[in-house]
Amino acid sequence: MDFRLSDEQRLIRDTARDFATREVLPRAAAIDKEHRFPQELVAQMSSLGFMGIAVPEEYGGAGMDHVSYVLAMEEISRACASTGVIMSVQNSLVGDPLCKFGTEEQKRQWLPRLAKGEIIGCFALSEPDAGSDAAAQKTVARLHGDEWVIEGVKNFITNGPESQVCILFTMNDPSKGHRGITAFVLPMDAKGVRCGPPDDKLGIRGSHSCQIFLEEVRLSKTCLLGEVGQGFKVAMSTLDGGRIGIAAQALGIARAALEDAVRYSGDRKTFGKPLWQHQAIQFKLADMATELDAARLLTWRAAQLKDLGQRHSTESAMAKVFAAEVANRAAKEAVQILGGYGYVTEYPVERHFRDAKITEIYEGTSEVQRIVIASSLLKS
Ligand code: CAA
């Protein structure tokens, strides 16, 4: 097995690391404190090709592979997890389903502007009463003549307040269960679309999410994404890719926690010697580093399978659940190593602690990932 990166992949990682260190990291604390969407960083990431990293060049993207995507995601998220998820939603949850299920017209209409960062996209599956049970969609789509008429409410929609386009999931035939779900490409300026106020969140505060209200929204048939009744599969296979992006975001947060803890352990002295010379601290750092590497290997494997065009639902779920839990453990230990300094905003580790939590929740909770993994065991 070859774990080496290609020259191109190394170049992407180094470019992302350099950009994240110079431009993203110095802004991260303020982005969090001010709950500010980092528009200027989105513009810079677009110039680097990061907002459409795996979108083919013919549609204005960078045309790179998903291993490159996770390398860049880890670097950006190491500096700022909010900026990381903005990039992840644009790539995994909007660009990817458009590439995979979109018509030629939809690809030409949306992908170049998404890849250039001229517009932002979001993915609206969750509802107030349909989170983990994604098939319990209550947003209704009914065909009236040539038009679909849509009514409903979507919940916790990341990038929602900034978006110009939305990958929307609806129920067009409740009697068919998940086979009654249909996906659309929704222009956010369509009549009847309204965003609620941004959610006031524990972490990733620079990434805005909101409810989206849909009141008698009329869409032409050209807005269908995939076939009528195939929306659940569009959602699930999109999330197979999205979960790799969130695993990479979790790697970034875990690495930030580890690097910040290592630095502090060298600077701080207790009982006459630097913190890192105490075995209690060494053991924590060693476990953090080992788990981080294991999570990275799972994430790279899932990304590589996606690049090979193989089904990767189980591997994506394994990468996400493990990386998310590693990020949470790493952030918790980093707070512990810094002690009182870990608990105050003067140091960044309290932000890593708050940012890490969401990786166990969105794009499928850790419990949902375990359901996906277990069901693959039972099927095999
Ligand atoms: N790819 C393609 N098809 C798939 C699939 C996949 N990965 N997973 C399932 N399917 C298909 C199945 O083959 C089955 O097809 P048939 O109709 O032909 O039988 C169908 O979908 C139903 O499959 P299941 O019976 O396994 O589905 P389920 O209802 O039991 O649901 C679940 C399983 C895993 C719990 C699923 O509901 C799920 O993933 N829930 C979590 C939803 C989620 O992740 N939400 C995140 C919201 S987005 C977000 O968070 C964005 C953000 O803010 C950043």
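We're numbering straight along the sequence, starting at 1. Note that ligands are numbered from 1 as they come in the structure, with each ligand's atoms numbered from 1 the same way.
- At a 4.0 Å heavy-atom cut-off, ligand 1 touches Met236 through backbone and side chain alike.
- Between His208 and Phe37, the ring planes are tilted. Angles from 30° to 60° get that label.
- Side-chain rings of Phe169 and Phe232 stay apart, their centers remaining 6.0 Å or farther from each other.
- Note on ligand 1: Gly131 sits in its first shell, one or more heavy atoms being nearer than 4.0 Å.
- At a 4.0 Å heavy-atom cut-off, ligand 1 touches Val372 through the side chain alone.
- In this structure, atom 25 (O) of ligand 1 has no protein heavy-atom contact shorter than 4.0 Å.
- Looking at Asp240 next to ligand 1, an N or O pair under 3.5 Å apart turns up.
- For ligand 1, the atoms closer than 4.0 angstrom to any heavy atom of Ser126 are 47 (C).
- Each of the following atoms of ligand 1 lies closer than 4.0 Å to a heavy atom of Ala134: 37 (O), 42 (C).
- Side-chain N/O atoms of Ser316 and Asp240 include no donor and acceptor closer than 3.5 Å.
- When each atom of ligand 1 is checked for a heavy atom of Val89 under 4.0 Å away, the hits are 54 (C).
- With respect to Asp32 and Arg354, a salt bridge is recorded, a charged nitrogen being found less than 4.0 Å from a carboxylate O.
- There is a protein heavy atom less than 4.0 angstrom from atom 52 (C) of ligand 1.
- Contacts between Leu93 and ligand 1, counted as non-hydrogen atom pairs separated by less than 4.0 Å, involve the side chain only.
- Within the listing of ligand 1, atoms 1 (N) sit less than 4.0 angstrom from a heavy atom of Ser237.
- For Arg263 and Asp267, the salt-bridge test fails: no basic side-chain N is under 4.0 Å from an acidic carboxylate O.
- Between the side chains of Gln9 and Asp65, at least one donor N or O sits under 3.5 Å from an acceptor N or O.
- When the options Lys176, Lys233, Arg311 are ranked by their closest heavy atom to atom 6 (C) of ligand 1, first place goes to Arg311.
- In this pair, Phe19 and Phe50 present their aromatic rings perpendicular. The plane angle is above 60°, beyond the 30 to 60° band.
- The pair Glu333-Lys284 counts as a salt bridge, with a side-chain nitrogen and a carboxylate oxygen less than 4.0 angstrom apart.
- Between Arg255 and Glu75 there is a salt bridge, with a side-chain nitrogen of the basic residue lying less than 4.0 Å from a carboxylate oxygen of the acidic one.
- At least one N or O atom of His178 sits closer than 3.5 Å to an N or O atom of ligand 1.
- Side-chain polar atoms of Ser92 and Tyr69 form a donor-acceptor pair below 3.5 angstrom.
- In this model, no donor atom of one side chain and acceptor atom of the other lie less than 3.5 Å apart for Thr270 and Arg268.
- Less than 4.0 angstrom separates atom 33 (C) of ligand 1 from none of the non-hydrogen atoms of the protein.
- Ligand 1 has an N or O atom lying under 3.5 Å from an N or O atom of Ser132, backbone or side chain.
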Please lay out, stage by stage, how Asp14 and Arg17 fare under the test salt bridge (Lys or Arg N to Asp or Glu O under 4.0 Å).
-> CA-CA 5 Å; Asp14 294 348; Arg17 185 171 295 174; 5.0 Å; no

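- Put simply, atom 44 (O) of ligand 1 has protein non-hydrogen atoms near it, under 4.0 Å away.
- Nearest protein heavy-atom contact of atom 21 (O) of ligand 1 is Phe232 CD2, 3.4 Å.
- Ligand-side atoms of ligand 1 in range of Leu239: 43 (C), 44 (O), range being under 4.0 angstrom from any heavy atom.
- Contact annotation for atom 30 (O) of ligand 1: protein absent (non-hydrogen atoms, distance under 4.0 Å).
- Between the side chains of Gln137 and Lys154, at least one donor N or O lies within less than 3.5 Å of an accepting N or O.
- Heavy atoms of Ile371 stay at 4.0 angstrom or farther from ligand 1.
- The atoms of ligand 1 that sit less than 4.0 Å from any heavy atom of Val368 are 38 (C), 39 (O), 40 (N), 41 (C).
- Under 3.5 Å, the side chains of His66 and Asp307 contain a donor-acceptor pair of N or O atoms.
- Using a 4.0 Å cut-off to heavy atoms of Phe123, the atoms of ligand 1 that qualify are 48 (S).
- When only non-hydrogen protein atoms are considered, atom 16 (P) of ligand 1 lies nearest to Arg179 NH2, 3.3 Å.
- Nearest residue to atom 39 (O) of ligand 1 from Glu363, Arg243, Gln369, Gln249 is Arg243 (criterion: closest heavy atom).
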